[in-house]
Amino acid sequence: MGVTCVAQVPVAEGKSVQQTVEILTRKLELLGAEKQGTFCVDCETYHTAASTMGNQGQTGKLMYVMHNSEYPLSCFALFENGPCLIADANFDILMVKLKGFFQNAKANKIESRGTRYQYCDFLVKVGTVTMGPSARGISVEVEYCPCVIANDCWNLLIEFMQSFMGSHTPGIPSVFGTKHDSIYSPADTMVQYMELFNKIRKQQQVPVAGIR
């Protein structure tokens with residue numbers, strides 16, 4: 001895979017989530033991007049079980065177990081500000097067996113699902129972020145396939161994103177700051193999705209106009 005940027009796009013004023021997604025995909029198609037199937041990224045939240053924390057007033061840790069349709073045989077386990085473990089798909093079964101240590105916060109499951117587009121050397125995924133039955137926001141993932149060093153292609157990435165995201169083009173992802181000249185990996189993309197999902201969860205604490 002190449003260097004990837006994951007960003008949230010706000011819902012257009014007076015529009016629904018789905019209508020805003022259609023506006024974005026229409027812009028991509030006008031540029032000449034071609035549909036290349038669909039994608040899905042999901043995230044389940046686990047918290048440390050009370051029985052493992054003792055009586056020291058410790059704060060429970062959160063772990064995010066994530067899947068990405070680009071890597072169907074892999075499972076990603078992430079801690080906030082911590083390591084990312086890449087395991088095979090059987091990791092989900094292991095988490096069931098570890099329920100005495102980690103509890104699944106089922107109500108917090110969140111996913112982004114949508115359409116993949118190819119444009120020259122770029123792969124773009126525009127997704128609707130949902131929690132339960134409700135649309136909560138919009139994600140855009142842009143990958144520059146030929147390059148694996150973030151510093152070498154960020155300017156090219158941002159120029160392309162501006163062509164269809166306009167003023168909503170994101171700044172440089174925080175994960176890039178730790179990469180410097182090292183090779184970009186799929187785990188870096190999953191960290192960006194984790195941050196985006198957590199941001200959207202927090203936004204749901206107040207009503208968002210235009211989402212229906």
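If you're wondering where the values come from, they're calculated on a predicted model, not measured in any experiment.
By the 4.5 Å heavy-atom criterion applied to side chains, Leu85 and Phe91 are counted as neighbours. A heavy-atom distance below 4.5 Å is not found between the side chains of Tyr46 and Gln103. Counting only heavy atoms from C-beta outward, the side chains of Val6 and Thr189 approach each other to under 4.5 Å. Side-chain contact check for Lys109 versus Met131: every heavy-atom pair is 4.5 Å or farther apart. For the pair Asn104/Met95, no side-chain contact is recorded, criterion being any heavy-atom separation below 4.5 Å from C-beta on. Side-chain atoms of Gln192 and Leu196, non-hydrogen and from C-beta on, never get closer than 4.5 Å to each other.
Distance OH/Tyr193 to OG/Ser112: 5.0 Å, rounded to 0.5 Å. Residue Cys153 holds its SG atom at 11.0 Å from CG of Asp121, rounded to the nearest 0.5 Å. The structure places OH of Tyr71 at 4.0 Å from CE of Met1, a figure rounded to the nearest 0.5 Å. Rounding to the nearest 0.5 angstrom, the gap separating the SG atom in Cys84 from the CG atom in Leu78 is 4.0 Å. Residue Ile200 holds its CD1 atom at 9.0 Å from CD1 of Ile138, rounded to the nearest 0.5 Å. Interatomic distance, OG of Ser174 versus CD of Glu195, reported as 3.5 Å (0.5 Å rounding).
A donor-acceptor pair under 3.5 Å is formed between the side chain of Ser16 and the backbone N or O of Gln19. Counting only distance, with no hydrogens or angles, the side chain of Gln203 and the backbone of Arg136 share no donor-acceptor pair below 3.5 Å. Judged by distance alone, with hydrogens and angles left aside, the side-chain atoms of Thr48 form a donor-acceptor pair with the main-chain N or O of Lys61 at under 3.5 Å. No side-chain donor-acceptor contact under 3.5 Å links Tyr64 to the backbone of Asn198.
Residue pairs that meet the side-chain hydrogen bond (donor to acceptor under 3.5 Å, both in side chains) test with at least one member in residues 89-100, sequence neighbours left out, are His67-Asp92. Within the structure, salt bridge (Lys or Arg N to Asp or Glu O under 4.0 Å) pairs that include any residue of residues 139-153 comprise Lys125-Glu141 (at least two apart or interchain).
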Report task. Apply the test side chain to side chain contact (heavy atoms under 4.5 Å, CB included) to residues Phe76 and Val65: give CA-CA distance (whole Å), side-chain angles for both, the deciding distance (0.1 Å), then the verdict. Result -> CA-CA 6 Å; Phe76 301 83; Val65 177; over 6 Å; no

Report task. Any chance you could lay out the side chain to side chain contact (heavy atoms under 4.5 Å, CB included) test for Glu111 and Val41, step after step, and finish with the verdict? Result -> CA-CA 6 Å; Glu111 70 175 26; Val41 177; over 6 Å; no

Query - Candidate pair Asn108 and Glu44, rule side-chain hydrogen bond (donor to acceptor under 3.5 Å, both in side chains), full reasoning - result: CA-CA 7 Å; Asn108 277 339; Glu44 292 195 70; over 6 Å; no

Query raised in the report: What do the steps show when you test Thr4 against Tyr144 for side-chain hydrogen bond (donor to acceptor under 3.5 Å, both in side chains), and what is the final call?
Result: CA-CA 6 Å; Thr4 302; Tyr144 181 58; over 6 Å; no

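Scored by the side chain to side chain donor-acceptor pair (under 3.5 Å) test, Thr45 finds Arg201 as partners (sequence neighbours excluded). With sequence neighbours left out, Tyr119 forms a side chain to side chain donor-acceptor pair (under 3.5 Å) with no residue at all.
Using a 4.5 Å cut-off between side-chain heavy atoms of Ile, Leu, Val, Met, Phe, Trp and Tyr, with links allowed through other members, Ile86 and Val3 fall into the same hydrophobic cluster. Residues Leu123 and Ile149 do not share a hydrophobic cluster, defined by chaining ILVMFWY side chains whose heavy atoms lie under 4.5 Å apart.
The two residues Ala12 and Thr20 have their closest heavy-atom pair at N-OG1, 3.1 Å.
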What pairs of donor and acceptor atoms, side-chain ones from residues 154-169 against any protein atom, are under 3.5 angstrom apart with sequence neighbours left out?
unit_1	atom_1	unit_2	atom_2	d
Ser163	OG	Phe160	O	2.4
Thr169	OG1	Gly166	O	2.7

Atom pairs and distances, side-chain donor-acceptor, residues 21-39, under 3.5 Å, sequence neighbours left out:
unit_1	atom_1	unit_2	atom_2	d
Thr25	OG1	Val21	O	3.1
Thr25	OG1	Glu22	O	3.1
Glu29	OE2	Tyr117	OH	3.0

